[in-house]
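Residue numbering restarts at 1 for every chain, and letters A, B, ... go by the order of the sequence lines. Remember, predicted model here, so these are calculated numbers, not experimental data.
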Protein chains: 2
Amino acid sequence: MKVNDSIEKSDELMSLTLRLQRGELLAAECPSRSVLKHVTSQWGVLVLMVLLKGTSRFSQIRKKVNGVSEKMLAQTLQSLESDGFLNRRSFPVVPPHVEYSLTPMGEEVAAHISALAEWIESNLSRIMDARNNSN
Amino acid sequence: MKVNDSIEKSDELMSLTLRLQRGELLAAECPSRSVLKHVTSQWGVLVLMVLLKGTSRFSQIRKKVNGVSEKMLAQTLQSLESDGFLNRRSFPVVPPHVEYSLTPMGEEVAAHISALAEWIESNLSRIMDARNNSN
DNA sequence: CAGTATCCTCATTGATACTG
DNA sequence: CAGTATCAATGAGGATACTG
């Protein structure tokens, strides 16, 4: 790639270079950013982790994800569904019955998220040790 | 699994069960949640990715992470530093010179974050294909 | 049960100005 | 250069009520 030739040039060229080299995440306009926001959102992470263990219904998820409101859960599920990370199966019975499960793509992201989460959990003591001040 | 035996019981028992089984992330009060919030925050992710490539100065990071404000960058750097994920080296010169780099622990989280980000970037077209509606 | 609709609050973020 | 301080705006999120 001759991309490196332009590395000394203007900021515009620089950011273009970055975009070509390493994807567009660092560029503000990139659609990756919204996907990233969905999966790394507070509730997105936890929902993905729950669904990685298997299909679950709305209120089951709500019980497992401690602290999420109906509204936020619905919103989170919609984002993740529209990104193609999960399937929503609605059974036309009364009372309503809706099941959520990961798509193959969903399982791949969830695996990454889960690896990250598990790293944090098992390193929590190391982290708390290192902590100086607030937050 | 005798876990299911308690599934009919109180919410308190339920969340206790979850905590014992799979760590505390799903419990609202867990300190893991704040760490997770820091590293998965919009700017946290991008800063970690930049620093994974090497030590960088404040304004260098600001240039690379497209769209971040001074305030948000400073705040992000502080959270990550106080979690022990990065080192701040300040040189007592004028004008000021401050370098940020990852700690060994920081490199570990950043590796996870980066893996996730790269997955998203390389699967973007698959994701955009799957997308039905808004967001 | 699985949501939607509405209203409301407070935290996050951004813009701007200032400083060691 | 590397921030801090201040203020204003946006949006995340919660509480409540209602519905198919």
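- Remark: side-chain polar atoms of B:Arg33 are paired, donor with acceptor, to backbone N or O of B:Leu25 under 3.5 angstrom.
- Between A:Pro31 and B:Leu124, the shortest heavy-atom contact is CG-CD1, 4.1 Å.
- Close approach of DNA chain C to chain A, defined as any atom under 4.0 Å from a non-hydrogen atom of the protein, starts and stops at C:dC1 to C:dC7.
- More than 12 heavy atoms of other residues, nucleotides or ligands lie within 6.0 Å of CZ in A:Arg126, so this atom counts as buried by the packing criterion.
- B:Ala117 and B:Met49 make their closest contact through CB-SD, 3.4 Å (heavy atoms, listed as atom of the first residue, atom of the second, distance).
- Taking B:Arg88 as the reference, B:Tyr100 meet the side-chain hydrogen bond (donor to acceptor under 3.5 Å, both in side chains) condition, with sequence neighbours excluded.
- Minimum interatomic distance between B:Ile113 and B:Val39 (heavy atoms only, all atoms of both residues): CD1-O, 3.7 Å.
- Secondary structure note: stems in DNA chain D built from 3 or more consecutive Watson-Crick or G-U wobble pairs under 3.5 Å occupy C:1-20 with D:1-20.
- Scanning for side-chain contact (heavy atoms from CB on, under 4.5 Å) contacts around B:Val93 gives B:Phe91, B:His97, with sequence neighbours left out.
- Residues satisfying the side-chain hydrogen bond (donor to acceptor under 3.5 Å, both in side chains) test with B:Glu107, not counting sequence neighbours, are none.
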So which protein N/O to nucleotides 7-12 of chain D N/O distances come out below 3.5 Å?
none

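- At a threshold of 4.0 angstrom between heavy atoms, the contacts of B:Arg88 are confined to the sugar-phosphate backbone, with no base atom among them.
- A distance-only check finds a donor-acceptor pair linking the side chain of B:Thr103 to the backbone of B:Gly106 [under 3.5 Å].
- No contact: B:Phe91 has no heavy atom under 4.0 Å from any strand.
- When side chains are defined from C-beta on, A:Leu116 does not count as touching B:Leu116, because their heavy atoms never get closer than 4.5 Å.
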